[in-house]
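Encoded as structure tokens, the structure appears first; notes follow it.
Small disclaimer: the values here were computed from a predicted structure and weren't measured. Here is how names work: the chains are called A, B, and so on, in the same order as the sequence lines, proteins then strands, and each is numbered from 1.
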Protein chains: 2
Amino acid sequence: MSKKNIGATLALYPCPIIVVGAMVNGKPTWTLVAHAGTMAHSHLMVSLVQAHYINQGIRENKKLSVNVVDESWLKDADRMGTISGNKVDKSNAFAWTMGENGAPLIDEAKVSIECEVDGNYELEHFDHFICKILATYAEESVLNEKGKIDYHTFKPVLFEFPTYEYFVTGEKVGDCAKMNQ
Amino acid sequence: MSKKNIGATLALYPCPIIVVGAMVNGKPTWTLVAHAGTMAHSHLMVSLVQAHYINQGIRENKKLSVNVVDESWLKDADRMGTISGNKVDKSNAFAWTMGENGAPLIDEAKVSIECEVDGNYELEHFDHFICKILATYAEESVLNEKGKIDYHTFKPVLFEFPTYEYFVTGEKVGDCAKMNQ
């Protein structure tokens with residue numbers, strides 16, 4: 001093997017960057033999250049340091065939104081990772097709409113997922129909210145003729161931890177499960 | 001809000017596609033996985049249908065590797081998602097090297113992460129293995145001068161579920177936490 005052991009380093013990248021939204025004390029708040037993942041075909045896992053302001057709202061209301069970031073609002077999304085909800089009221093950071101299930105959705109986001117928390121795997125001062133997907137909202141402009149999200153049109157921004165850079169989704173290189181036919 | 005509710009649809013994409021490796025009955029086996037995520041700064045979550053052959057090895061040995069796919073071996077990786085370890089011996093599918101901790105690593109993969117399972121969040125006939133990162137192996141060719149993975153050089157392949165396509169990592173569009181300075 002020609003690989004070198006570079007230590008126990010985070011390397012599952014690049015991954016989609018999201019802004020998580022939730023209601024805290026009757027107002028929306030937002031935070032930038034890089035570490036999340038799909039579970040089964042019904043849930044999302046969102047990894048959030050417990051000290052974040054937003055966590056108390058998620059614990060209380062059990063509702064959150066996952067707003068997928070594209071380049072059109074990347075700068076605003078990035079800001080949500082640099083200011084603390086414990087110090088700053090972020091309720092006016094975005095134009096937003098209440099989802100059908102009680103989670104605030106960012107209007108600028110072309111794709112937003114509304115979730116209900118039904119578990120929390122706590123690990124090393126992080127909450128890992130296990131979230132059932134209740135509804136997925138998408139702009140018509142990013143849907144194909146079958147009503148599915150078209151990643152030729154919608155280009156999410158991706159994050160990597162090693163050098164803290166953002167990359168955009170690139171070009172298509174294959175069809176899953178068809179490359180060996 | 002200009003978005004339309006398209007139902008409770010998976011939409012946290014595109015995400016890195018990986019081949020998970022583990023020993024089963026003394027031989028390596030492999031499977032293609034799209035749904036995984038970083039937890040805290042120390043762990044990965046890997047979502048795998050319980051019927052997969054590989055799950056028994058992961059449960060027994062508690063060791064697995066996460067091999068990040070790039071275009072150079074995408075076709076071979078894709079094949080691991082189309083054949084079942086319950087029916088076919090996959091032990092010769094890749095040249096591999098045993099990791100320092102007992103998980104088989106794919107030689108072709110430029111980045112492989114060796115993990116130990118320390119939890120399982122079972123949900124809807126899926127195992128969600130909570131894996132502590134023990135070691136990360138990377139080819140020198142994908143490391144920058146500081147020894148970190150360089151995603152300008154290393155371009156992982158990304159998957160999206162709605163239309164089952166693969167995309168490659170695109171170009172840099174920003175520096176995290178610096179866009180509002």
Is there a donor-acceptor contact under 3.5 Å linking the side chains of [X] and [Y]?
{"X": "Glu116(B)", "Y": "Asn101(B)", "value": "no"}
{"X": "Asp150(B)", "Y": "Thr163(A)", "value": "no"}
{"X": "His152(A)", "Y": "Asn144(A)", "value": "no"}

State whether Glu108(B) and Lys3(A) are salt-bridged, where the test is any N-O pair (Lys NZ or Arg NE/NH1/NH2 against Asp/Glu carboxylate O) under 4.0 Å.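 Lys3(A) and Glu108(B): not salt-bridged.
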Which answer fits [X], side chain, backbone, both or neither, if we ask what part of it has an atom under 4.5 Å from a heavy atom of chain B?
{"X": "Ile17(A)", "value": "neither"}
{"X": "Ala109(A)", "value": "both"}
{"X": "Leu158(A)", "value": "side chain"}
{"X": "Thr136(A)", "value": "both"}

Can the ring centroids of [X] and [Y] be said to lie less than 6.0 angstrom from one another?
{"X": "Phe126(B)", "Y": "His35(B)", "answer": "no"}
{"X": "His128(B)", "Y": "Tyr121(A)", "answer": "no"}
{"X": "Tyr164(A)", "Y": "Phe159(A)", "answer": "yes"}

Please identify, among Gly37(B), Pro156(B), Gly170(B), the residue contributing the most non-hydrogen atom pairs under 4.5 Å to chain A.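 Highest number of pairs under 4.5 Å: Gly170(B).
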Just to be sure I understand the criterion: a residue of residues 48-70 of chain B counts if one of its heavy atoms is under 4.5 Å from a heavy atom of chain A. Which ones qualify? Val66(B), Val68(B)
Qualifying salt bridge (charged side-chain N to carboxylate O under 4.0 Å, His left out) pairs, either residue in residues 22-38 of chain A, two or more places apart: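 Pairs touching residues 22-38 of chain A that pass the test: Lys27(A)-Asp89(A).
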